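Below is one structure; the comments refer to it alone.
Here the structure is a predicted model, which means the values were calculated and not measured. Quick note: numbers below take in every heavy atom, side chains included, and nothing from hydrogens, waters or symmetry partners. The sequence lines fix the lettering, A, B, ..., with proteins before strands; numbering per chain opens at 1.
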2 protein chains.
Amino acid sequence: MSKQAGPLALVDLSAETPCCPPLTQRRVPAETAAVLAPAFKALGDPVRLRLLSMIASAEGGEACVCDLTPAFDLTGPTISHHLKTLREAGLVDAERRGTWVYYRARPAILRQLAALLTVQPTPAA
Amino acid sequence: MSKQAGPLALVDLSAETPCCPPLTQRRVPAETAAVLAPAFKALGDPVRLRLLSMIASAEGGEACVCDLTPAFDLTGPTISHHLKTLREAGLVDAERRGTWVYYRARPAILRQLAALLTVQPTPAA
DNA sequence: AGTCTGTATTGACGTCCGTCGAATCAGAGA
DNA sequence: TCTCTGATTCGACGGACGTCAATACAGACT
């Protein structure tokens, strides 16, 4: 349930130390781009962006699918599909507890993506 | 050349002050998600991620298409297409000077995306 | 004007994506 | 074991995406 294969195996996105300098400082190498782009791609859908936000901002840091689904005008399978996409992108983890499945954000990769997009404050020069 | 329509018209992404708290703090509203998701989507392709990085990290803050294209095993039209996608997502601006066209990153939206992905440092609790 | 170079647009192709209904799986409880 | 509920998987459909070759456009230089 919480396993993810794919390109994430190439670079350890679970590391707490960001691996990459900001996109604005050095050219992102092709290999890094190949690894990180799928994460951005997963964020590139409004439903998934909201899902991730609902999960990450939920109290306790986790959210049940049963709480997520009713927030959208979409069927259960569709929400499930989007959650799977977020999981495969390494953005969230899932855990079944009894009847319900809980999702939890993975802060490390979020930090990494944020670091990549970091821009120097405009120099007052 | 530097005009972009679409969803970006709804929210001023050129503002220097980030409009939104981190994704992990408050639920991203549907409208905000609809506006920002296309930007993440544009970053969701390895070629575009590298293009943006090459542009943003170039000295002078700008890069000519003629310098960008040879870095990829792709045809000119394909690179042009990706640059158009980045433009329409509001991530870059283009300007023609004589024979060449120069692209330049838009720091404001990058800051905004980075802010959205910001995560509190893990509390030592 | 004519031509050459750099860039963008068009049209086409195969693939991937978002969505749904139907079927399936996993636990809980009678 | 039956059934009920929550969640995922499967199969299908329409539309969007990444790529290319061919074409068109914009300046510069004859």
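Checking A:R87, A:M54, A:E95 one by one against A:Y103, the side-chain contact (heavy atoms from CB on, under 4.5 Å) holds for a single residue, A:R87.
The minimum heavy-atom distance between A:P22 and A:T118, with the atom names listed, is CB-O, 3.3 Å. Contact detail for B:P21 and B:L116: the closest heavy-atom pair is O-CD1, 3.6 Å.
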Give the table of side-chain donor-acceptor pairs shorter than 3.5 Å for residues 33-47 of chain B, with sequence neighbours excluded, one pair per line with atom names and distance.
residue	atom	partner	partner atom	Å
B:D45	OD1	B:V47	N	2.8
B:D45	OD1	B:R48	N	3.4

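Closest to the side chain of B:T99, from the set D:dA28, D:dG6, C:dT7, is D:dA28. The side chain of A:W100 approaches D:dG6 more closely than any other nucleotide in the set D:dT9, C:dA8, D:dG6.
Taking atom NZ of A:K84 as the reference point, atom C1' of C:dT24 lies 14 Å away to the nearest angstrom. To the nearest angstrom, P of C:dG18 lies 13 Å from CG of A:L83. Atom CZ in B:F72 sits about 14 Å away from atom P in C:dT7, given to the nearest Å. Spacing between atom OH of A:Y102 and atom C1' of D:dA7 amounts to 13 Å, rounded to whole angstrom units. The distance between atom CD1 of A:I55 and atom P of D:dA7, rounded to the nearest whole Å, is 12 Å. The distance between atom CD1 of B:I79 and atom P of C:dT9, rounded to the nearest whole Å, is 15 Å.
At C:dA8, one or more side-chain N or O atoms of B:S80 fall inside 4.0 Å of OP1 or OP2 (strictly under the cut-off). Regarding contacts with the backbone of C:dA8, a side-chain N or O of B:Y103 is found under 4.0 angstrom from either OP1 or OP2.
In this structure, the side chain of B:S53 does not engage the main chain of B:R50 through any donor-acceptor pair within 3.5 Å.
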Check: protein-nucleotides 16-25 of chain D nitrogen or oxygen pairs below 3.5 Å:
residue	atom	partner	partner atom	Å
D:dC17	OP1	B:K41	NZ	3.2
D:dG18	OP1	B:R48	NH1	3.3
D:dG18	OP1	B:R48	NH2	3.0
D:dG18	OP2	B:R48	NH1	3.2
D:dT19	OP2	B:H82	NE2	2.3
D:dC20	OP2	B:T75	N	3.0
D:dC20	OP2	B:T75	OG1	3.2
D:dC20	OP2	B:T78	OG1	2.8

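Every pair passing side-chain hydrogen bond (donor to acceptor under 3.5 Å, both in side chains) that includes a residue from residues 61-72 of chain A is listed here, sequence neighbours excluded: A:E62-A:R97, A:E62-A:R104.
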